Undergrad: 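I have a structure here, written as structure tokens, and I will follow up with some questions on it.
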Amino acid sequence: MSDPIIKIQNMNKWFGDFQVLKNINLEVEANKKIVVCGPSGSGKSTLIRCINRLEEHQEGDIIVDGNELSEKTKDIEKIRAEVGMVFQQFNLFPHLSILDNCTLAPIWVKKMPKKEAQELALDQLKKVQIDDQANKFPGQLSGGQQQRCAIARALCMQPKIMLFDEPTSALDPEMIKEVLDAMVSLAKGGMTMIVVTHEMGFAKEVADEVIFMDEGMIIEKAETKEFFANPKSDRTKLFLSQIL
Amino acid sequence: MQAINFLKPNRDNIKNYSIIGSVLILISLIDVISNAFLKTNLTSFLPGSLTTLFPLILGLIGLNMMRIDYSGNKTLDLLNKNINTNNFNALLTLLILFSIIKALPPSLSWMIFDANISGDSKDACTGTGACWTYIKVWFRRFMYGMYPNEFHWRINTAFILVIALGFVGYFLKENLKKYLALYYVIIYPVIAYLVIYYLISGGSFGLQWVETGAWGGLSLTFIVSFFCLIFCFPLGMIFALGRRSNLPVIKYISICYIEFWRGVPLITVLFMSSVMFPMFLPEDFFMDKLVRVIIAITLFEAAYCAEVIRGGLQSLPRGQYDAAKSLGMGYWKMHIFVILPQALKLVIPGIANTFLALVKDTPLIFVVGLAELAGMLALAKTNPKWLGFAMEGYIFASIIFWIICYAMSKYSYNLEAKYKTER
């Protein structure tokens with residue numbers, strides 16, 4: 001057994017007086033795929049936003065790839081460069097072309113030569129099948145294409161971990177499939193992934209473990225088959241009965 | 001043949017109605033025009049007040065008759081949709097049209113037909129109209145202030161050089177484009193300053209020294225506006241970012257700065273810069289009055305720029321910050337490559353607004369004894385040889401300011417169109 005690449009211990013987080021995350025303990029090993037599900041407002045998004053410190057936690061430890069995230073962490077940018085993230089609203093940079101969206105960070109953060117970065121970007125865009133759109137602007141693409149571009153943009157940084165924050169929630173049903181396909185092929189390539197999603201089909205297909213959260217707590221954490229076959233807590237059973 | 005229905009114009013009798021309508025409007029226009037230009041009253045046979053109202057009533061009836069929805073005639077539809085939607089709008093249209101026609105002859109005769117431009121003294125102005133001789137004689141003063149006549153070529157050369165340098169950015173090679181911002185923010189102002197210092201001030205290279213007190217007129221307007229514009233923008237950007245900073249010291253310094261400068265009138269700032277400020281300086285330290293004024297206006301306008309830019313920064317969705325951070329960009333990379341390019345694009349109208357206000361604020365430097373265009377005008381109108389021509393002077397200055405400001409706003413529209421990308 002290898003050391004976990006993400007380790008969260010007794011983590012608590014408040015927004016003002018409101019406690020959003022309560023006593024979170026989580027270990028993720030390299031190359032594992034974790035799906036986080038639960039009702040809205042349960043703290044799923046906040047949890048994964050804490051992993052690359054887009055949100056700060058107040059208590060407990062988060063260790064990502066051997067680096068502890070705390071206020072003192074000076075190299076937070078280095079850690080973020082190794083943790084890719086895909087957002088619900090895509091968040092592409094609208095003033096840059098698709099190709100520039102993908103090459104911006106490799107060139108300026110990783111100091112990659114421009115040519116190399118462009119080759120890498122085209123390669124990644126090809127994997128998500130939008131290399132023919134490379135010179136368009138985000139506003140000219142469909143939602144599904146934008147989200148696939150966002151995945152390619154994150155992958156261009158060659159991250160060790162990928163975080164997905166409800167990547168298909170803002171998409172049409174028809175477009176969900178193309179994004180999920182891209183994610184499945186990424187998963188099969190061996191990437192460590194934490195995915196917040198309501199797509200249980202995706203969870204069944206690729207996830208190693210499923211985590212169920214409610215009211216800021218991890219209610220249940222089990223292997224995928226086990227999770228769907230016989231959930232332990234009543235809350236999980238209720239949730240599953242409603243969405244399956 | 002269908003009988004004409006006077007109450008209900010519709011598509012069937014469109015031809016009759018539009019012809020009768022246009023004839024009526026034509027008659028009313030002819031009446032007004034003859035009244036204004038030929039001073040003859042065609043309707044003098046009508047009793048008193050009816051004479052004045054006659055064209056209005058006739059025009060209204062005419063427009064009313066032409067008001068046919070979906071007539072199928074493009075010109076008529078356009079007319080009806082825009083200026084003839086109902087009786088009230090038709091009335092307004094006619095009133096505006098008539099007042100323009102009425103105002104035309106007196107203003108034309110004052111400005112052109114009865115005006116004088118020949119000669120070079122007040123005696124040449126014999127007509128009842130404007131005395132453009134005054135502008136002609138004072139033209140060089142209005143452009144160059146008290147700057148010695150034989151050295152005006154120095155100002156012209158300096159301006160041509162500065163403008164030419166400003167275009168350098170367009171011709172930079174692709175691999176040098178990334179230094180464009182650096183060039184415009186730091187290198188260009190420095191070169192422009194040196195050009196203006198050595199050419200216009202003189203004092204070296206065999207050029208005679210001309211002190212800034214002698215500078216003036218439109219050239220001074222340009223110099224002050226130019227330096228204030230290029231310095232206040234980057235300064236404003238810094239304070240806009242500072243006000244949004246997480247570091248309390250920087251944040252509160254920025255807030256204090258912005259609120260201080262927005263809270264004082266420009267005119268007091270100018271007085272302070274020229275009267276109070278030198279008292280706090282050591283005896284042997286000298287700073288030119290013009291430089292002090294430029295610094296004062298720059299600091300003042302930077303506060304306004306800062307707030308405009310902050311508005312742009314706030315309008316960006318948080319997701320843009322998240323995305324940039326998640327790619328490992330630090331504060332400066334995130335702002336330079338992701339946030340500012342988008343925010344600045346959004347604030348072009350606001351910045352253009354601030355810049356226009358700045359250009360039109362420059363006449364205020366007259367209070368500290370620097371006579372730019374409007375200042376020269378104020379001096380000229382009190383010249384005993386040329387008393388009584390304030391009107392011509394102010395019209396001249398208004399036209400020049402309007403041209404400058406209109407050019408600037410046109411340019412800002414172009415920029416907006418150029419950087420427009422679909423979201």
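Residue numbers start from 1 in every chain, and the chains themselves are labelled A, B, ... in the order their sequence lines are given, proteins ahead of strands. Computed from a predicted model, the values in this text were never measured in an experiment.
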Undergrad: Within a 6.0 Å radius of atom NZ on B:Lys360, are there more than 12 heavy atoms belonging to other residues, nucleotides or ligands?
TA: no

Undergrad: Return the minimal non-hydrogen interatomic distance between B:Leu327 and A:Met157, and the atom names on each side.
TA: O-CE, 3.3 Å

Undergrad: Quick one: closest heavy-atom pair of B:Met329 and A:Leu104, and the distance?
TA: CE-CD2, 3.3 Å

Undergrad: Considering all heavy atoms of both residues, which atom of A:Met85 and which atom of B:Ser326 are nearest to each other, and what is their separation?
TA: CB-CB, 3.9 Å

Undergrad: Could you tell me which portion of B:Lys333 (side chain, backbone, both or neither) has an atom closer than 4.5 angstrom to a non-hydrogen atom of chain A?
TA: side chain

Undergrad: Between A:Asn91 (side chain only) and B:Gly319 (backbone N and O only), is there a donor and an acceptor less than 3.5 Å apart?
TA: yes

Undergrad: Between A:Phe87 and chain B, with a heavy-atom cut-off of 4.5 Å, which part of the residue counts as in contact: side chain, backbone, both or neither?
TA: side chain

Undergrad: Please check if the number of heavy atoms outside A:Gln129 that lie under 6.0 Å from its CD is greater than 12.
TA: no

Undergrad: Test of understanding: with ring-ring contact (aromatic ring centres under 6.0 Å, His included), list the residues that count as partners of B:Tyr304, not counting sequence neighbours.
TA: B:Phe300

Undergrad: Heavy-atom count check: over 12 atoms from other residues, nucleotides or ligands less than 6.0 Å from B:Tyr411 OH?
TA: no

Undergrad: Report which part of A:Arg49 has an atom under 4.5 Å of a heavy atom belonging to chain B: side chain, backbone, both, or neither.
TA: side chain

Undergrad: Within a radius of less than 6.0 Å around CG of A:Asp132, do more than 12 heavy atoms belonging to other residues, nucleotides or ligands occur?
TA: yes

Undergrad: Take atom CZ of B:Phe167 as the centre, draw a 6.0 Å sphere, and report whether it contains more than 12 heavy atoms from other residues, nucleotides or ligands.
TA: no

Undergrad: I'd like to know whether CD of A:Glu174 has more than 12 heavy-atom contacts from other residues, nucleotides or ligands below 6.0 angstrom.
TA: no

Undergrad: Using non-hydrogen atoms only, which part of A:Leu163 is less than 4.5 Å away from chain B: side chain, backbone, both, or neither?
TA: neither

Undergrad: Need one label for A:Val109: side chain, backbone, both or neither, based on atoms under 4.5 Å from any heavy atom in chain B.
TA: both

Undergrad: What are the two closest non-hydrogen atoms of B:Phe337 and A:His95, and how far apart are they?
TA: O-NE2, 2.9 Å

Undergrad: Which one, A:Gln89, A:Arg80, A:Arg153, leads in non-hydrogen pairs under 4.5 Å with chain B?
TA: A:Arg80

